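The structure displayed is predicted, hence computed values, not measured ones. Computed over heavy atoms, backbone and side chain alike; hydrogens, waters and symmetry mates excluded. Note that the numbering runs from 1 along the sequence shown for the chain.
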Amino acid sequence: MKKSCTRFAMVCAFLSLSTSVTAQQLWPDLPQPIKNGISAQADNIVYVGLGAAGQSFYAMDTASSHPQWQKLADFIGPVTDQATAAAINGKIYIFSGSGKATVTDKSPIIFDSVYVYDINNNTWSKQNTRTPVGLLGSSAYPLNQTEIAIFGGYNKQQFDQYLHAVSTIDKQANPQKWQQTVTDFMERAPESYQWNQAIQIYHTDTNSWSTKGNSPYLANCGAALVGDKDRITLISGEIKPGLRTPIVKTVTIKGDDVNWQSLAPLPDAANGQLQEGVAGAYAGTNQGSLIVAGGANFVGARAKAEQGHWFAHDGLRKHWSDDIYTYHGDKWALASTKLPQGLAYGASFSTPAGVLMVGGENAQGQPQAKVYLLRYEQSDVRIID
């Protein structure tokens, strides 16, 4: 996609510079904090936006000797969280997400919309289609020049009903009713949520949908995705609200041939603490190694679930991880290096220089603008600001 890079440069010539690289910083921070946004990569160009950034959308050429963020045309849809996106053939497709269709709505919904950003023209449009299932929290990957594969996603009908109920009950006037509504929704087994189990395929050339079979694993959302041609690795994520899984799996898709395999799960912590798994982790590859960093979970939830308590995160505090894991030679290792702080729900990209971490959320729930590079060095990870 060398043409896309050239056209991108032409577009950027007409755009204002959003930030500059300081002498102390190789990778510039975002012009504004972003969490629960979208991300996509086309050649050396990485794109992030939406989520906590509203309609804002940015790009950066990671191959530049002086990489800088450039502000692109604003998104034309409603503000959306946890949408998924993929770049393909000069365009970026954005699927689903959650938010209020209009600012006056009492409760958010899961969107079934598809928007397109045209890299060549720096313009947005809305596709005349609807997602066949809810794709909030899903992970997308371009299989080829016309097909995008999407994994996971919340059940739209169930989640819309739940969000409407908790948004319209006066929590202060009816605390018991509000709490019972939450408990009734949260204390169910994972299968009852009916999250998307199928590999959903969006055909960009025909604006149509199909599937390529179902995952043999529990459907999950918030998984980190790392792709290598036709082989896709899905790392951890949640299997129901508040409950994560340490499972790591790969799927290889060649035409209609789909092959699922398990990798070793994320290892237990160095102190022997049970691995909860993480949602919203950062992940990518560098020097032939898979790097997984950050993510969020509820420590103790997995043990409660294994005892049959499905409202597993009830009474537990959310934890933002600062751990970094590497997978090399078919083995996981916990890196001695830790992130500067616990982070989750940002963007990550594999580049020749390393795995680029962009934005996210910290332990106070605040969106971040920081950008770091994770480089695999001598069986460990180096963090570069």
Using distance alone, with no hydrogens and no angle criterion, decide if [X] and [Y] have a side-chain donor and acceptor under 3.5 Å apart.
| X | Y | value |
| --- | --- | --- |
| Gln179 | Thr183 | yes |
| Asn196 | Tyr154 | no |
| Ser210 | His203 | yes |
| Thr146 | Asn144 | yes |
| Thr102 | Asp105 | yes |
| Ser56 | Gln32 | yes |
| Asp170 | Gln172 | no |

Over 60° means perpendicular and under 30° means parallel, so tell me whether [X] and [Y] are parallel, tilted or perpendicular.
| X | Y | value |
| --- | --- | --- |
| Tyr162 | Phe185 | parallel |
| Phe75 | Tyr115 | perpendicular |
| Phe95 | Tyr93 | parallel |

Just by modelled atom types, is the [Y] backbone N or O under 3.5 Å from a matching donor or acceptor in the [X] side chain?
| X | Y | value |
| --- | --- | --- |
| Ser167 | Leu163 | yes |
| Gln197 | Ser215 | yes |
| Lys240 | Trp310 | yes |
| Trp332 | Tyr325 | no |
| Thr62 | Ile45 | no |
| Ser236 | Ala223 | no |
| Asp380 | Ser336 | yes |
| Thr84 | Ala140 | yes |
| Gln200 | Trp209 | no |
| Trp124 | Ala73 | yes |

Around [X], counting heavy atoms of other residues, nucleotides and ligands shown, do more than 12 lie under 6.0 Å from its [atom1]?
| X | atom1 | result |
| --- | --- | --- |
| His319 | NE2 | yes |
| Gln364 | CD | yes |
| Asp256 | CG | no |

Q) Between Leu30, Asp385, Leu343, which is the residue that forms a side chain to side chain contact (heavy atoms under 4.5 Å, CB included) with Lys370? A) Asp385

What pair of heavy atoms forms the shortest contact from [X] to [Y], and how long is it?
| X | Y | result |
| --- | --- | --- |
| Ile383 | Pro340 | CD1-CD, 4.2 Å |
| Val278 | Ala281 | CG2-CB, 3.7 Å |
| Leu339 | Ser321 | CD1-O, 4.2 Å |

**Q.** Salt bridge Glu238-Arg244, side-chain N to carboxylate O under 4.0 Å
**A.** yes

Q. Are any of the side-chain nitrogens in Lys304 or Asp314 under 4.0 Å away from the carboxylate oxygens of its partner?
A. no

Measure the spacing between [atom1] of [X] and [atom2] of [Y] and express it to the nearest 0.5 Å.
| X | Y | atom1 | atom2 | answer |
| --- | --- | --- | --- | --- |
| Leu266 | Asp323 | CG | CG | 10.0 Å |
| Phe57 | Tyr47 | CZ | OH | 7.0 Å |
| Asn220 | Ile247 | CG | CD1 | 8.5 Å |
| Thr181 | Gln161 | OG1 | CD | 12.5 Å |
| Ile110 | Asp81 | CD1 | CG | 12.0 Å |
| Leu143 | Lys229 | CG | NZ | 14.5 Å |

Q: Please step through side chain to side chain contact (heavy atoms under 4.5 Å, CB included) for the pair Ile92 and Val116, ending with a clear verdict.
A: CA-CA 6 Å; Ile92 299 174; Val116 183; over 6 Å; no

Q.
Under 6.0 Å from the ring centre and within 45 degrees of the ring axis: does the NZ or CZ of Lys35 meet both conditions for the six-membered ring of Tyr345?
A. no

Q.
When you measure from the centre of the six-membered ring of Tyr193, is the NZ or CZ of Arg188 closer than 6.0 Å and no more than 45° off the axis?
A. yes

Q | Stepwise side-chain hydrogen bond (donor to acceptor under 3.5 Å, both in side chains) check, Gln194 with Gln157 | A | CA-CA 10 Å; Gln194 298 179 329; Gln157 181 179 5; over 6 Å; no

Q) Does Phe311 have its ring centroid less than 6.0 Å away from the ring centroid of His313? A) yes

Q. Please walk me through it: do Val355 and Leu373 pass side chain to side chain contact (heavy atoms under 4.5 Å, CB included)?
A. CA-CA 6 Å; Val355 178; Leu373 186 80; 5.9 Å; no

Q. In chain order, what residues pass the side-chain contact (heavy atoms from CB on, under 4.5 Å) check against Arg382, with sequence neighbours excluded?
A. Arg375, Glu377, Ile384

Q: Determine, step by step, whether Leu356 and Val371 satisfy the side chain to side chain contact (heavy atoms under 4.5 Å, CB included) criterion, reporting the C-alpha distance in whole Å, the side-chain angles of both residues, the deciding distance to 0.1 Å, and the verdict.
A: CA-CA 7 Å; Leu356 204 62; Val371 175; 3.9 Å; yes

Q | Evaluation steps, side chain to side chain contact (heavy atoms under 4.5 Å, CB included), between Lys156 and Ile109 | A | CA-CA 8 Å; Lys156 176 174 168 57; Ile109 60 171; 4.3 Å; yes

Q: Tell me, with the steps shown, if Ser262 and Tyr217 meet side-chain hydrogen bond (donor to acceptor under 3.5 Å, both in side chains).
A: CA-CA 10 Å; Ser262 297; Tyr217 305 88; 2.6 Å; yes

Q) Is there a side-chain contact between Ile94 and Val114 (heavy atoms, below 4.5 Å)? A) no

Q | Side chain to side chain, Leu225 and Thr233, heavy atoms closer than 4.5 Å | A | no

